[in-house]
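Down below is the structure, laid out as structure tokens.
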Amino acid sequence: MVHCEATTGMLNPLEAISELVSHYRKTFILDAMSSFGGIPIDMIKLGIDVLISSSNKCIQGVPGFGFVICKHALISQCKGNARSLSLDLYDQWQTMEQNNGKWRFTSPTHVVRAFAQALIEFEQEGGTKARYNRYKSNQSLLVSGMRELGFETLLPDPLHSPIITSFFSPKEPRYNFKLFYEKLKSLGYVIYPGKVSDADCFRIGNIGEVYQKDIESLLQAIGEAKYW
Ligand SMILES: *Cc1c(COP(=O)(O)O)cnc(C)c1O
């Protein structure tokens with residue numbers, strides 16, 4: 001399952017699904033791309049067999065590689081399963097195990113270096129819990145400020161993740177996403193177009209080195225860009 005669904009910003013019900021998975025004795029693969037490091041996940045308690053994430057989301061590194069945390073017993077049985085040369089996780093694992101952490105192909109050295117630094121900063125901040133609290137308070141500040149400016153969220157509050165939020169495009173006839181986007185960009189902020197098939201939205205993400213004052217300045221910029 002996808003944990004934090006970044007198209008809508010929805011946080012899927014991990015605990016409820018983990019109960020189903022264990023009830024039916026299925027293998028549990030979690031796409032934690034945009035949650036690992038930013039939302040606490042107890043892999044053992046939830047019976048997660050495989051967790052997938054990457055360098056460039058809540059760990060706050062630069063883009064360049066993904067990683068998988070999984071049970072030894074499970075990966076050990078995967079030899080020869082991959083139908084892709086590059087995405088052969090078993091082979092990657094074996095190469096790293098047998099060669100002091102060597103990558104199978106050319107290693108993304110600068111990304112690994114940035115990742116190591118990102119992990120230091122992650123520790124300094126206080127780990128997942130501290131980061132979760134910061135993201136969560138940024139997200140609620142964003143939502144309440146946006147509501148004051150007249151915007152509505154796509155999802156009801158209990159479904160929101162602290163990572164990214166979808167807002168409906170205003171129903172104002174004079175609203176034009178492109179103009180709004182360009183104006184905000186000129187003020188120093190880049191927002192995402194929405195991607196929900198049957199709803200006209202845009203998205204605002206708040207992972208990264210973002211603090212309360214940044215959300216406040218963003219809200220001020222949105223107030224300025226909102227000239228309809
Ligand atoms: C960001 C994201 C991806 C894609 O990640 P890349 O860094 O583009 O490889 C996949 N799944 C989820 C849930 C994401 O948030």
Side-chain angles (χ1 to χ4, degrees), residues 1-17 29-39 41 52-63 66 131-228:
M1 69 175 282
V2 176
H3 188 197
C4 171
E5 203 287 303
T7 327
T8 54
M10 180 164 153
L11 193 61
N12 282 315
L14 185 52
E15 296 200 356
I17 291 175
I29 303 177
L30 185 69
D31 173 348
M33 281 298 283
S34 51
S35 59
F36 184 75
I39 300 176
I41 303 169
I52 303 161
S53 195
S54 87
S55 54
N56 58 298
K57 298 269 176 100
C58 301
I59 298 292
Q60 300 186 176
V62 301
R131 198 155 276 185
Y132 173 70
N133 289 335
R134 175 165 62 87
Y135 288 173
K136 208 163 145 35
S137 62
N138 282 347
Q139 198 268 346
S140 8
L141 181 63
L142 174 71
V143 167
S144 58
M146 287 295 277
R147 284 182 179 144
E148 271 170 36
L149 289 168
F151 291 92
E152 285 172 44
T153 58
L154 171 74
L155 301 176
D157 289 353
L159 300 183
H160 278 158
S161 71
I163 305 297
I164 189 165
T165 312
S166 287
F167 295 94
F168 281 115
S169 300
K171 293 202 179 69
E172 274 297 321
R174 277 173 300 168
Y175 170 79
N176 173 314
F177 179 77
K178 203 167 177 308
L179 292 179
F180 183 53
Y181 176 93
E182 290 299 341
K183 175 77 180 160
L184 269 178
K185 193 170 173 188
S186 73
L187 294 169
Y189 298 91
V190 175
I191 58 172
Y192 282 125
K195 272 195 197 159
V196 187
S197 49
D198 56 356
D200 186 9
C201 310
F202 62 87
R203 295 174 294 164
I204 300 183
N206 56 265
I207 60 178
E209 204 62 8
V210 174
Y211 297 89
Q212 185 178 332
K213 63 172 181 359
D214 301 302
I215 302 289
E216 285 162 358
S217 318
L218 167 68
L219 288 166
Q220 198 176 343
I222 290 175
E224 253 178 78
K226 179 184 170 267
Y227 43 78
W228 47 88

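All values below come from the heavy atoms of this structure, side chains included, with hydrogens, waters and symmetry mates left out.
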Looking at N206 and V210, what are the two nearest heavy atoms and their distance? O-CB, 4.1 Å
Rounded distance [0.5 Å steps], CE in M10 versus SG in C4: 10.5 Å
So F168 and L154, side chain to side chain contact (heavy atoms under 4.5 Å, CB included) or not? Walk me through it. CA-CA 6 Å; F168 281 115; L154 171 74; 3.6 Å; yes
Mind checking the OH-OG spacing from Y132 to S137? Nearest 0.5 Å is all I need. 11.0 Å
Exercise: identify the closest heavy-atom pair between H160 and L11: O-CB, 4.1 Å
So, R147 and T153: side-chain donor and acceptor under 3.5 Å apart, yes or no? yes
Side chains of E216 and Q220: donor-acceptor distance under 3.5 Å anywhere? no
So which atom in A32 and which in I41 form the shortest heavy-atom distance, rounded to 0.1 Å? CB-CD1, 4.1 Å
CZ of R131 to CD1 of I59, rounded to nearest 0.5 Å, is 6.5 Å
Closest contact, heavy atoms only, P170 versus F151: CG-CE2, 3.5 Å
Are F177 and P193 packed together at the side-chain level, in the sense that at least one heavy-atom pair is separated by less than 4.5 angstrom? yes
Beyond-backbone contact of L30 with L14, side-chain heavy atoms, under 4.5 angstrom: yes
Under a 4.5 Å cut-off applied to non-hydrogen side-chain atoms, are M33 and V2 in contact? no
Taking atom CD of E172 as the centre, report whether more than 12 heavy atoms of other residues, nucleotides or ligands fall under 6.0 Å from it. yes
With side chains defined as the heavy atoms from C-beta onward, is the minimum distance between I191 and Y189 less than 4.5 Å? no
Side chains of C58 and I39: does their closest heavy-atom pair fall under 4.5 Å? no
NZ/K183 to CD1/I222 distance, rounded to the nearest 0.5 angstrom? 13.0 Å
Heavy atoms of V62 and N56 approach each other most closely as C-CB, 3.7 Å
Pairwise distance CD1(I163) to CD1(I204) - rounded to 0.5 angstrom: 14.5 Å
With heavy-atom distances below 4.5 Å as the criterion, would you say the side chains of T8 and L159 are in contact? no
Out of H3, K57, E5, which residue meets the side chain to side chain contact (heavy atoms under 4.5 Å, CB included) rule with S35? H3
Nearest heavy-atom contact between N138 and Q212 is OD1-N, 3.5 Å
Going by the rule ring-ring contact (aromatic ring centres under 6.0 Å, His included), which residues pair with Y175 if we only count those two or more places apart in sequence or in a different chain? F180, W228
Looking at OG of S166 and CD of E152, how far apart are the two atoms once the value is rounded to the nearest 0.5 Å? 13.5 Å
